Trainee: 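Let me give you the structure first, and then I'll get to my questions.
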Amino acid sequence: MPLPIVAIVGRPNVGKSTLVNRLAGVTDAIVHDEPGVTRDRMYRPAFWRDRDFLVVDTGGLVFDDDTEFLPLIREQALLALSEASAAIMVVDGQAGPTAADQTIASWLRQQSLPVLLAVNKCESPDQGLIQAAEFWQLGLGEPLPVSGIHGSGTGELLDLLVEHLPAVEETDEEEEIRVAIVGRPNVGKSSLLNAFVGEARAIVSPISGTTRDAIDTVVERQEKRYRLIDTAGIRKKKQVEYGAEFFSINRSFKAIRRSNVVLMVIDAIDGVTEQDQKLAGRILEEGRACVLVVNKWDAIEKDSYTIYEYEQHLKDRLHFTEWAETIFVSALTGQRIEKILELVDRAAEQHRRRVSTSVINEALEEALKWHSPPTTRQGRQGRIYYGTQVTSQPPTITLFVNDPKLFNDNYRRYIERQFRQQLGFQGTPIRLFWRGKKVRDVEASPNRATKV
């Protein structure tokens with residue numbers, strides 16, 4: 001059973017995201033003193049008393065201006081209300097009622113769901129009651145003084161809210177696969193998300209930087225659950241100004257870290273750029289499974305050699321992620337969109353896969369037969385005693401050797417290739433630790449891990 005949804009709405013800069021952070025008990029939503037920071041609708045899990053629910057932060061509503069993203073923000077807010085069990089309208093207690101508040105309240109009274117009125121920025125309990133009393137005129141029932149910053153009044157707000165929410169059955173979050181959708185600005189990440197969901201969950205615009213926050217969307221396919229995380233486009237550091245975009249990119253990196261599988265979206269027209277290479281390196285550093293999604297494939301003129309030439313281009317530019325599977329799609333036409341999740345399943349399975357010590361050593365024995373470890377000029381030869389997998393996500397194997405310094409980079413890469421050829425691990429990086437007989441050997445440190 002899906003969790004009930006609570007939509008948080010209001011005009012810009014009344015503190016909606018701050019209140020969302022407070023209700024959800026997190027600091028995930030971007031809070032920045034600039035109108036329009038929140039644009040898409042963003043879902044945060046929350047709990048109060050015996051109720052689990054999702055809090056949806058929406059963009060600031062403006063009805064008398066149709067410039068830039070404002071009509072799209074209104075559309076997102078309306079979509080949030082259409083799926084919500086209840087709504088909370090947030091107003092600014094320090095500013096008092098405004099004409100924009102009146103317009104939004106009138107619009108909310110036309111919706112067929114219960115609406116609570118939260119008067120935010122009421123940091124003083126005594127003064128807060130006076131500030132809240134001014135908002136009776138909005139016609140939405142009792143105005144509740146709250147402080148998103150300090151948390152005062154939020155308990156009373158939640159007490160009233162849960163009366164409108166149904167109880168839900170507990171769900172097992174371990175069963176879901178967390179998928180981060182990342183890439184440069186305007187490569188089609190939000191379009192890809194919408195194609196998965198089958199609705200306009202994220203704002204799509206040709207203007208780069210439309211997505212500002214990491215958006216969680218849960219979809220189910222064939223009794224499997226996927227948490228899709230759309231993220232802000234990641235640009236070069238020198239192009240990023242401090243402010244909302246700075247926080248957005250940090251949130252994208254955190255999305256990679258909390259995912260199981262990363263969908264790295266590449267613009268088929270632009271090809272692999274330097275920034276794509278750095279982003280792929282970040283995915284590798286975090287040890288996340290990955291699928292390369294080449295979007296806008298419908299816009300490429302093709303002949304019988306096009307796909308092979310493009311695959312070679314990817315191999316040349318992203319040689320350190322050769323283990324990642326590639327799919328060519330079009331979010332615009334829906335071409336091969338559903339097949340992406342098949343690759344996600346395979347990558348996630350390999351990412352959490354464990355191989356027995358006996359199987360690892362069989363593969364190691366076969367590799368040693370074909371190519372023995374190098375010998376130094378002084379006649380010392382490297383010896384590999386045995387290997388064992390110590391952890392998964394990503395699969396990590398420790399090799400016990402006589403002296404790690406006797407194994408050069410070429411031989412280490414050879415062993416890595418042999419493990420992949422014999423054991424698989426398609427779609428996920430693997431890490432190899434080369435450990436000497438002495439525990440104090442610096443090569444035993446995880447910081448010296450070899451990543452494939």
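Just so you know, these numbers come straight off a predicted model, no measurement behind them. All residue numbers refer to positions in the sequence shown, counting from 1.
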Trainee: Is the backbone N or O of Thr391 less than 3.5 Å from a side-chain atom of Gln389, with the two atoms forming a donor-acceptor pair by type?
Mentor: yes
Trainee: Measure the shortest side-chain to side-chain distance between Leu263 and Val344 over non-hydrogen atoms and say whether it is less than 4.5 angstrom.
Mentor: yes
Trainee: Whether Glu311 and Lys315 form a salt bridge (side-chain N of Lys/Arg under 4.0 Å from carboxylate O of Asp/Glu) is what I want to check.
Mentor: no
Trainee: Between Lys278 and Glu274, is there a salt bridge with N-O shorter than 4.0 Å?
Mentor: yes
Trainee: Taking all atoms of both residues into account, what is the closest heavy-atom pair of Gly153 and Val146, and its distance?
Mentor: O-CG1, 3.5 Å
Trainee: Do NZ/NE/NH1/NH2 and the carboxylate oxygens of Glu220 and Arg225 come within less than 4.0 Å?
Mentor: no
Trainee: For Asp92 and Asp101: C-alpha separation, side-chain torsions, deciding distance, then whether side chain to side chain contact (heavy atoms under 4.5 Å, CB included) applies.
Mentor: CA-CA 9 Å; Asp92 187 337; Asp101 292 328; over 6 Å; no
Trainee: Mind checking the CG-CE spacing from Leu117 to Met89? Nearest 0.5 Å is all I need.
Mentor: 6.5 Å
Trainee: Under 3.5 Å, is there a donor on one side chain and an acceptor on the other for Glu123 and Ser147?
Mentor: yes
Trainee: What distance separates Leu432 CG from Ile397 CD1, expressed to the nearest 0.5 Å?
Mentor: 6.0 Å
Trainee: Taking the six-membered ring of Phe425 as reference, does the cationic atom of Arg353 (NZ for Lys, CZ for Arg) lie under 6.0 Å from its centre and within 45° of its axis?
Mentor: yes
Trainee: Less than 4.5 Å apart, side chain to side chain, heavy atoms only: is that true for Val179 and Val291?
Mentor: no
Trainee: When you look at Leu144 and Glu156, which way does the side chain to side chain contact (heavy atoms under 4.5 Å, CB included) test go after all the steps?
Mentor: CA-CA 8 Å; Leu144 303 171; Glu156 292 81 356; 5.6 Å; no
Trainee: Looking only at heavy atoms, what is the nearest atom pair of Gly139 and Arg109, with distance?
Mentor: O-CD, 3.6 Å
Trainee: Answer whether the closest heavy-atom distance between the side chains of Gln127 and Cys122 falls below 4.5 Å.
Mentor: no
Trainee: Could you please spell out the steps behind the side chain to side chain contact (heavy atoms under 4.5 Å, CB included) verdict for Ile266 and Val293?
Mentor: CA-CA 6 Å; Ile266 297 170; Val293 180; over 6 Å; no
Trainee: Identify the two heavy atoms, one from Val187 and one from Lys296, that lie closest to each other, and give their separation to 0.1 Å.
Mentor: O-CE, 3.8 Å
Trainee: Should Lys302 and Ile307 count as side-chain neighbours, where that means a heavy-atom distance under 4.5 Å?
Mentor: no
Trainee: Does any N or O in the side chain of Asn120 come within less than 3.5 Å of the main-chain N or O of Gly148, such that one atom is a donor and the other an acceptor?
Mentor: yes
Trainee: Show the numbers, then the answer: is there a side chain to side chain contact (heavy atoms under 4.5 Å, CB included) between Leu23 and Ile88?
Mentor: CA-CA 11 Å; Leu23 298 182; Ile88 298 176; 4.2 Å; yes
Trainee: Whether the side chain of Gln111 engages the backbone of Trp107 through a donor-acceptor N/O pair (distance < 3.5 Å, no angle test) should be reported.
Mentor: yes
Trainee: Do Asn21 and Thr18 have a side chain donor and acceptor closer than 3.5 Å?
Mentor: no
Trainee: Classify the angle between the aromatic ring planes of Phe328 and Tyr310 as parallel (below 30°), tilted (30 to 60°) or perpendicular (above 60°).
Mentor: perpendicular
Trainee: Considering all heavy atoms of both residues, which atom of Ala324 and which atom of Cys290 are nearest to each other, and what is their separation?
Mentor: CB-O, 3.5 Å
Trainee: Indicate yes or no: at least one non-hydrogen side-chain atom of Ile256 is less than 4.5 angstrom from one of Arg288.
Mentor: yes
Trainee: If we ignore angles and hydrogens, is there a donor and acceptor under 3.5 Å between the side chains of Tyr226 and Asp345?
Mentor: yes
Trainee: Please check: side-chain N/O of His351 versus main-chain N/O of Gly287, any donor-acceptor pairing under 3.5 Å?
Mentor: yes
Trainee: Quick one: which of Thr396, Thr357, Thr398 gives a side-chain hydrogen bond (donor to acceptor under 3.5 Å, both in side chains) with Thr388?
Mentor: Thr357
Trainee: Taking the side chain as everything from C-beta on, heavy atoms only, tell me whether Val182 gets closer than 4.5 Å to Val265.
Mentor: no
Trainee: Grab the two heavy atoms, one from Val272 and one from His313, that are nearest each other, plus how far apart they are.
Mentor: N-NE2, 3.1 Å
Trainee: Quick one: pull up OG in Ser330 and CZ in Arg336 and give me the separation to the nearest 0.5 Å.
Mentor: 9.0 Å
Trainee: To the closest 0.5 Å, what do you measure between OG1 (Thr321) and CG (Leu314)?
Mentor: 8.0 Å
Trainee: Within the structure provided, determine whether Arg317 and Gln277 are in side-chain contact (heavy-atom separation under 4.5 Å).
Mentor: yes
Trainee: Indicate yes or no: does Asp276 engage Arg184 in a salt bridge with an N to O separation below 4.0 Å.
Mentor: yes
Trainee: Give me the atom names and distance for the closest heavy-atom approach of Gly10 to Ile104.
Mentor: C-CD1, 3.8 Å
Trainee: I want to check something: taking the side chain as every heavy atom from C-beta on, are Thr428 and Pro395 in contact at a cut-off of under 4.5 Å?
Mentor: yes
Trainee: Could you tell me whether the side chains of Asp57 and Ser17 share a donor-acceptor contact shorter than 3.5 Å?
Mentor: yes
Trainee: Check whether the ring centres of Phe53 and Trp48 lie less than 6.0 Å apart, and answer yes or no.
Mentor: no
Trainee: Answer yes or no: is there a donor N or O on one side and an acceptor on the other, between the side chain of Arg431 and the main chain of Pro394, under 3.5 Å?
Mentor: no
Trainee: Nearest 0.5 Å, please: how far is CG in Asn194 from CG in Leu332?
Mentor: 12.0 Å
Trainee: Could you state the interatomic distance from CD1 (Ile360) to CD (Gln422), rounded to the nearest 0.5 Å?
Mentor: 11.5 Å
Trainee: Should the heavy atoms of other residues, nucleotides or ligands under 6.0 Å from NZ of Lys224 be counted, would the total exceed 12?
Mentor: no
